[in-house]
Amino acid sequence: DVKVTQSSRYLVKRTGEKVFLECVQDMDHENMFWYRQDPGLGLRLIYFSYDVKMKEKGDIPEGYSVSREKKERFSLILESASTNQTSMYLCASSGGTSSMSYEQYFGPGTRLTVT
Amino acid sequence: KQEVTQIPAALSVPEGENLVLNCSFTDSAIYNLQWFRQDPGKGLTSLLLIQSSQREQTSGRLNASLDKSSGRSTLYIAASQPGDSATYLCAVRVGVWDMRFGAGTRLTVKP
């Protein structure tokens, strides 16, 4: 079974803090994604990565950055957390050209509250 | 721009009923369609994936169909159980890395 893990289920941070959300997958997937999920807005893509050290902006990248130093790990960074970044953050991974599946597998989510 | 719509937004049924959840999308140029289940406060669990060349997929009591030309997919759940209560989301892949999600249908199965 594909397993995608996220470093924290719940996180409370103060405005202005630098926040790191970690995601690890164990299926040697090429692609990894960070989404945020908000009531009434659904899932929105923040950033994705299709290879080590490669990243692309999604629909709402402002206020976020990412890092992918190893294939299995994809980090989301909030450089200076703000209250409007309070949300559920979901990491996902998928196979790419090697599998031709592109089926996305999600982690359990991190509920981030910024006060 | 691809829009994905799920109707109804919420559904409540008695245990044992067969039910259908609907998903529609505006652009038929998709690579695949995926159905997910989400329990409250949790991540998404993949249920079924239908490639664009396929018409349906089955897993246990679940059957998903895809009609690309009309921009529609249905998720059929047979003999519903209280444990099926969750939010069900559909998503279409419109690019190599680009998926568009519906807002979900919140299902409650009453004992």
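Side chains are part of it too, since the values below use all heavy atoms of this structure and drop only hydrogens, waters and symmetry mates. Numbered from 1 within each chain, the chains take letters A, B, ... in sequence-line order.
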Using the rule that two of Ile, Leu, Val, Met, Phe, Trp, Tyr join whenever any of their side-chain heavy atoms come within less than 4.5 Å, decide whether [X] and [Y] are in one cluster.
X	Y	value
B:F101	A:M32	no
A:F106	A:M88	yes
B:L48	B:L66	yes
B:I50	B:F25	yes
A:Y89	A:I60	yes

Rounded to the nearest 0.5 Å, what separates atom CE in B:M99 from atom OH in A:Y35? 6.0 Å
Distance col, row A:L43:CG vs B:F36:CZ, nearest 0.5 angstrom, shows 8.5 Å
Portion of A:R9 that has a non-hydrogen atom of chain B nearer than 4.5 angstrom: side chain
Per-residue contact mode, B:Y31 against chain A (heavy atom under 4.5 angstrom): neither
Option that, when pairs with chain A are counted at under 4.5 Å, heavy atom only, ranks first among B:L89, B:T45, B:D98, B:L44: B:L44
Keeping B:Q34 on the side-chain end and A:Q104 on the backbone end, is there a donor-acceptor pair under 3.5 Å? yes
Counting only N and O atoms by type, is there a donor-acceptor contact under 3.5 Å from the side chain of A:R111 to the main-chain atoms of B:K42? no
One option among A:L90, A:L45, A:D59 has the most heavy-atom pairs under 4.5 Å with chain B, and it is A:D59
